[in-house]
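We name chains A, B, ... by the order of the sequence lines, and we start the count at 1 in each one.
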2 protein chains.
Amino acid sequence: MRKRKGAGRPTIADVAAQAGVSSITVSRALRDPQKVSERLRAKIDKAVRALNYIPDTHASALASSRSNVVAVLVPSLTNNVFSDTLRAIYDALDASPLQVQLGNSRYSATEQERLIGIFLSQRPTAVIVSGIDQTPAARKMLEEANCPVVQIMETGPDPIDMMVGFSHYQGGRAAAQHLIDQGYRHIGFLGARMDPRTTRRLAGFRRALEDAGMFDPDLVKTTTTSSSVTLGGVLLRELARHRPDLDAVFCNNDDLALGALFGAQKAGISVPDQLGIAGFNDLEMMQAACPSLTSIRTDRYGIGRHAVNMIQAVLEGTPPPEKIIDLGFDLQMRQSSDRRHILASGPA
Amino acid sequence: MRKRKGAGRPTIADVAAQAGVSSITVSRALRDPQKVSERLRAKIDKAVRALNYIPDTHASALASSRSNVVAVLVPSLTNNVFSDTLRAIYDALDASPLQVQLGNSRYSATEQERLIGIFLSQRPTAVIVSGIDQTPAARKMLEEANCPVVQIMETGPDPIDMMVGFSHYQGGRAAAQHLIDQGYRHIGFLGARMDPRTTRRLAGFRRALEDAGMFDPDLVKTTTTSSSVTLGGVLLRELARHRPDLDAVFCNNDDLALGALFGAQKAGISVPDQLGIAGFNDLEMMQAACPSLTSIRTDRYGIGRHAVNMIQAVLEGTPPPEKIIDLGFDLQMRQSSDRRHILASGPA
DNA sequence: TGACGTGATGTTAGCGCTATCATTATGTTA
DNA sequence: TAACATAATGATAGCGCTAACATCACGTCA
């Protein structure tokens, strides 16, 4: 009957004809070569190359109810933290036939839920989703998605399926403990956005100070606006004006920490002597700053790499022994909080 | 006959049955509502909502040889310049049924070509690609792709289809001219990566200095390694050691400029008096730095927004009057290159 | 009044692949 | 050697949607 146009791209039937086999054999040879005899496989490979055949992803997905898409959901495209992890995911998937479908939830759990719905309608091979604070509906969808799911950036007690990250609570606690150990006594907290991970860093910070009998809610300065270097300076100067006894700040990310450094410099406050500064994530600029900035180093690239590894392991039928991978963190002490010279010369 | 499982998700036939119409009418009602009478449209909408129907993108793409994918190719996921543009693209496409398929070419033209091949096999609705330096094969593929193509980040004389960006050559030239105007006489160039855009900035820089009779190739310090704040400090100190007469640097991006500032601070070189610094792109941190840093402001978000607008205009049948949009740039003079106090008090 | 345009809806046949059996050839066991 | 497992290949029928044509109910105009 009437024929549709067709873009003229070769189909699996063309390959089959050229190789003298049936199309299902071509399909098998491409998807699972060991199911086809070596003789036919060679013929088919040759035909594929001769015709420059590229399988149609949509037809494949429709027929198999399965796509080659890995859905990845991050809360921000501009935050370097996520771009490092994304880069790892793209790098790791590079050699595989899997494609990334990236969604930006803008730090909104409901937006994340919406995107999960859209992405699942593409029947992805796997889902990578940031954080552990999905809405109940989103969690339910993912549990029923019938594909590997990895929650990244954070660890928690109750994975949907798998998890790679670290404890933001412990990170915040370690940063605070470090400032205490350096002899600071009026330690503030600068926080932007206050998403769930940030909030847990604050909780860890608070715990460390409470244990040391030093927690003062008046020294916690937070805002829900998004983070920036400029904001770090603004928050620092507001807090320092309000509380002249402030002698250190833990900033919930590195942008704020850099901004706090600039703010201190503008206000003539010397770092680290009059003010200690610590950040979170240890972006590359932290060690280059003058003075260099203390931060909690996190393995963002590793998180992406591990997430893909776990997915591939499941797809290959050898699920990873551990459902939860905690990559931890490292405190990188640098000049901005180094008071060893003062500590050595006597008690504060 | 034997039935396949089917994930149980409602199909267009279920909606049609519920609404008491044929499935093609449902299809039309969803894709082009004005082709269906108001009465049926209401019924169909109701059925769609009742069943929570979500169209299958793969089936649609297979049947129509057209997907809802906009392919976007950027050279880097970690460079803030591109994440700003990406954010704009995601924001602008948010209300439409179009989905972004993102590829990372890692600053490699051959990798870009490979990805274009993969993406075109998904028959995208449109393609957004960074830069104007496609390989001949890639250019040919895009010309034959039979969909809108927008080259972004840069303008040039010979668009594949459409273009949004600005002239990096003129940007580099303006930065150099500014440093000349501020009375600097031994102006260096710090460059990382040296991709095509960077190279054109250098060409503009060179032109301005040559016009002023001040170009000195010995003051151009470049590397092909990727850019970082740390690298900015390293390059600056190497150049300053080699050429003590250096009195200003134009850095081909803001990371290098920030690093140069830190490097100068570590070396005890005062900015802007002993050394002027200018960057490129005007990331948010530039104005927060201490001293604040001069930069060439570019409208990265606007580039993404315009690119999507142009695509949507074409899809709606009202192609934009201009194939090339030049969004220009603005020099933001700040403390790091401000010598008006010196210029005012007499000749250098 | 009858040939004909117009808009709304329906029928049918694919799009290019793969799931599910069916078939055939080959080896294996009692 | 009969009965049966195993491996390699094929035939067929969809997956869920839409392009292309068909039909039908109106109105229009000479």
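- Atom pair Arg66(A):CZ and dG14(D):P shows a separation of 19 Å (rounding to whole Å applied).
- Taking only side-chain nitrogens and oxygens, Thr11(A) never comes nearer than 4.0 Å to OP1 or OP2 of dG16(C).
- An OP1 or OP2 oxygen of dT18(C) is reached within less than 4.0 angstrom by a side-chain nitrogen or oxygen of Ser27(A).
- For the OP1/OP2 pair of dG10(C) and a distance below 4.0 Å, the side-chain nitrogens and oxygens of Thr25(B) include at least one atom meeting the criterion.
- Between dT18(D) and Ser60(B), a contact under 4.0 Å exists linking OP1 or OP2 to a side-chain N or O.
- Each of Ile12(A) and Arg39(B) lies near DNA chain C, and the nucleotide nearest Arg39(B) is the one positioned closer to the 5' end.
- Residue contacts for Arg31(A): at a heavy-atom cut-off of 4.0 Å it reaches the sugar-phosphate backbone alone, with no base atom in range.
- Between Asp32(A) atom CG and dC17(C) atom P there is a gap of 18 Å when expressed in whole angstrom units.
- Using a 4.0 Å cut-off, no side-chain N or O of Ser65(A) falls inside it from OP1 or OP2 of dT18(C).
- Over its length, the helix from dT1(C)-dA30(D) to dA30(C)-dT1(D) turns its helix axis by 40°, as judged from the five terminal pairs at each end, rounded to 10°.
- No N or O donor and acceptor, one from the side chain of Arg9(B) and one from the base of dG16(D), sit under 3.5 Å apart.
- Between Ser64(B) and dT18(D) there is no side-chain polar atom (N or O) within less than 4.0 angstrom of OP1 or OP2.
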